[in-house]
Amino acid sequence: MPEPTYVLGGEDGHRIATYSWGDDALPTVVVVHGFASNTKDNWVSTGWVRDLLRAGFRVLGLDQRGHGASDKPHRGRDYDLSQLAGDVEVVLDTYLVDTAHYVGYSLGARVGWEVLQDFSDRITRGVLGGVPDGIPLARLDIEQVRALVTDGTPVTDPVTQNYIALTERVPGNDVRALLAIAEGLRGSGRVDPDPAHAPSQPVMFATGSLDAIIEGSRALAAASPHGRFVEIPDRHHFNAPGSRVFRQAAIEFLTDQDD
């Protein structure tokens, strides 16, 4: 891992940790990790950065606010989707990148749905892995997480236990910040992504065959004018990023300019 370079995102100027690999002259891929993860865990340790470099890309990564080496505010209002998407734009501006491909997983894919539409003139194609339909993080029991944070009450909901286990597995995670992220994303009450307003660029959707959200992801792909769907065999939501099948399909898609 290179040392992070910090950029300032949002009106409050929160520091966003960024990472760069490869020659500036190469086509750029921006990689954005999932909830309770970071660039190293989601993209470096799993071989994505290595294989993207071998495929002839420059790679830009960022630790989303609340994650990794980035600032971790504890207010839900710091984590609405427009701000998370805006952080990606700030990274592109700072690195003087006019156009790029986008690769995101889980929360990073949900942010990617926003980025692909808000900055459609700059994002030429996208890979959205494990993109959830409906309200973001709807399966997370916020009340149980809040009780854990405030008085140590054990979490009993199985899905929420998985998120907590992921949080504890990644060094440097701040449970209070991750609670604020969930509150901020859920606070809008929006049921989104909306299939009626799908990105117009070529987009590859990929979800594990054991992931409960697979049918929702498949429906988003079907609704996208240039969407395609890849089922990641024998993977659930939390281990799909490490799949070689997923990685190879994504790189083939990013290098295929026939769409």
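Quick caveat, the model's predicted, so the values are computed rather than measured. We number each residue from 1, following the sequence as shown.
Contacts classified as side-chain hydrogen bond (donor to acceptor under 3.5 Å, both in side chains) and involving residues 158-168 (residues at least two apart or in different chains) are given here: D157-T160.
When all heavy atoms of Y79 and G66 are compared, the pair lying nearest together is OH-CA, 3.5 Å.
A distance-only check finds no donor-acceptor pair linking the side chain of S224 to the backbone of H226 [under 3.5 Å]. Side-chain atoms of S217 never come within 3.5 Å of backbone atoms of T207 as a donor-acceptor pair (strictly under, hydrogens ignored). Judged by distance alone, with hydrogens and angles left aside, the side-chain atoms of D51 form no donor-acceptor pair with the main-chain N or O of W48 at under 3.5 Å. Counting only distance, with no hydrogens or angles, the side chain of Y102 and the backbone of L128 share no donor-acceptor pair below 3.5 Å. Of the possible donor and acceptor atoms, none in the side chain of H14 sits under 3.5 Å from a partner among the backbone N and O of G9. Q201 contributes a side-chain N or O that, together with a main-chain N or O of I123, makes up a donor-acceptor pair within less than 3.5 Å. Judged by distance alone, with hydrogens and angles left aside, the side-chain atoms of N38 form no donor-acceptor pair with the main-chain N or O of D63 at under 3.5 Å.
Heavy atoms from other residues, nucleotides or ligands lying under 6.0 Å from CZ of R75 number more than 12. Within 6.0 Å of NZ on K40 lie no more than 12 heavy atoms contributed by other residues, nucleotides or ligands.
Judged by the 6.0 Å and 45° rule, R125 forms a cation-pi pair with F253.
Residues V59 and L53 are in side-chain contact: their nearest non-hydrogen atoms beyond the backbone lie under 4.5 Å apart.
Salt bridge annotation for R15-D71: present, with a cationic side-chain nitrogen under 4.0 angstrom from a carboxylate oxygen. Under 4.0 Å is where a charged nitrogen must lie from a carboxylate oxygen, and between E231 and R218 at least one such pair does. Taking a cutoff of 4.0 Å between a charged side-chain nitrogen and a carboxylate oxygen, D78 and K72 do not qualify as a salt bridge.
With 3.5 Å as the limit, one finds a donor-acceptor pair spanning the side chains of S37 and D41. Checked by atom type, the side-chain pair D211/H237 shows a donor-acceptor distance below 3.5 Å.
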